[in-house]
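Quick caveat: nothing in here was measured; it's all calculated off a predicted structure.
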Amino acid sequence: MTLYVTTPIYYVNATPSIGNAYTTVAADVFIRHRRQRGEETFFLTGVDEHSTRVYRVAQEQGLEPYEYLEQIAVPWRELPERLNASVDFFIRTSDDGHKAFVREFLQRIYDNGDVYEDIYSGFYCVRCEAFYTEDELRDGKCPVHDIVPEWIEEKNYFFRLSAYQERLLEVYDARPDFVLPPNRYNEARSFIAGGLTDFSISRAGQPWGIPLPWDESQVAYVWADALINYLSALTYARPGEDLRERFWPEAHHFVGKDILRFHAVYWPAMLLSAGYELPQHVVAHGWLLFGDQKISKTNPLVQALNLTDTYGGDAIRYWCARAISFGGDGSTSLDSIGERYERELGNDLGNLLSRTTAMIAKYRGRVGEGETSPSIAAAIEGVRDSVPRLLDAWDVTGAIDRIWELVRELNRYVTEQRPWEIAKDDARADELDRVLHDLADGLRAAAVALSPYLPETAPRILAALGQSDDLAWANVAPGLTRPAEIEAAPPLFPRIELAPTAP
Ligand code: MSP
């Protein structure tokens, strides 16, 4: 089984926001889990560099676009690393391999007779890099960014999207899970059923972008260039290897709901035209809202790298997974990052490990083998049985909620069993062995299950318990703890003293 997971490629007109981190985290949780289940995976992320805004920001800063891109690429490359995302390739649309592939791909569409020349006149939102009809605007403004779009009138090349309406509907009817969740499927399907308008795939008089192979006076429209990254990367990510053979069409595209139409309508039509099979799924998530505002890259408080500096990548991943229910929009706050860090990661998980290892070190010095008590075994089995099902249904939030129930159950077990009391009575030595073993076994299984969410922390838990670092899902089962010497572990999530902020 092979699995190919992608994030959108991000616009680099500013440094990454926590909103951009969100898509990367969700995709990485999903792919790490599937890797635990033995699948061969490939994870792609990267940056979208040919947008009009990039060109304008570079100009404002008095830089050539490529000079600007060299600078801005640094924090964007750091984003997946700092989020502990297991990326296999980081694509830049200025890569020679991408540029060559885009030209070849567009030429195929052209040769198939799906491209024609016409005058485009209409509205263009530079922030979306999207064309809008008057009807689609809200009070004359872009419905996503609430800014007045530019009026554009130029000779362009158009893609015959309208010719693909029937074929797209056939795909949607045959594959009800092509777009997820179902409300997004319905949204995309009704958009198609409502009639498709051809779209411009080029920009004239724009000096920034990939020149069209049949008319070098025009460049590819940034979306016609960007979407193709999902295929182009496979052709040059591993020199000498064509990864399309293994990973296409096994693609799962993770996207925000704002870019659904490009992925669920334009991209499949382009693929059909160029003679490619369609991806498996387009998984659309909602927005993190602070108050009722979508988080924007230009707000310094929500800079993803500042947040990973303060809390660490795992804490930000954990917060992304739990802050809002995956799929829908949700309102959250920056304060909730600190709250979850302290209460859930620090107390529920971190203290549990500190207490467990401290008690084992103090009373026994080692953990032994044995059967796990029925209540803890059942809690572990509950995770083993439910989490794969939840993640197969893309429920990134539901799955971590379920794993956290095991963590809470272990905390309850400590409180109920009171091992420090048992330890006072030599006659209860076997009982103490069993309770300590149960705690170690529960924590070990929880760590393996948590590893897609907390990839840096999970191995630390396993090491503190003297257990194997094998993260295979089969290890989420009771009674697999092996004998080990144990010392009291340092805190997993030490308290963070935040610099005071202005009121
Ligand atoms: N460059 C295009 C994508 C091209 S893919 C072929 C683009 N880039 S983006 O930088 O604007 O945004 C990329 C992703 O970030 C989207 O999935 C978007 O939904 C996500 N997010 C940005 N802010 C967000 C929130 N506040 N909440 C959740 N995700 C949001 O679009």
Describe, in one word, how the ring planes of [X] and [Y] are oriented to each other, choosing from parallel (under 30°), tilted (30 to 60°) and perpendicular (over 60°).
X	Y	value
Phe158	Tyr120	tilted
Tyr4	Phe42	tilted
Phe262	Tyr266	perpendicular
Trp76	Tyr10	parallel

Kindly indicate whether the side chain of [X], heavy atoms from C-beta on, has any atom under 4.5 Å from the side chain of [Y].
X	Y	result
Leu169	Arg189	yes
Pro80	Phe90	yes
Tyr453	Arg32	no
Asp198	Tyr116	yes
Trp267	Ile228	yes
Arg34	Pro452	no
Phe199	Trp223	no
Val265	Tyr164	no

With the threshold set at 4.0 Å, does a side-chain nitrogen-carboxylate oxygen contact exist between [X] and [Y]?
X	Y	result
Asp111	Arg108	no
Glu216	Arg103	yes
Arg389	Asp395	no
Glu187	Lys257	no
Asp314	Arg460	no

Asp225 side-chain N/O to Val102 backbone N/O, donor-acceptor pair under 3.5 Å: no
Ala323 backbone acceptor or donor facing Thr332 side chain under 3.5 Å: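 Looks like no, no N/O pair under 3.5 Å.
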Steps toward salt bridge (Lys or Arg N to Asp or Glu O under 4.0 Å) verdict (Glu170, Arg167): CA-CA 5 Å; Glu170 279 166 24; Arg167 284 180 70 189; 5.7 Å; no
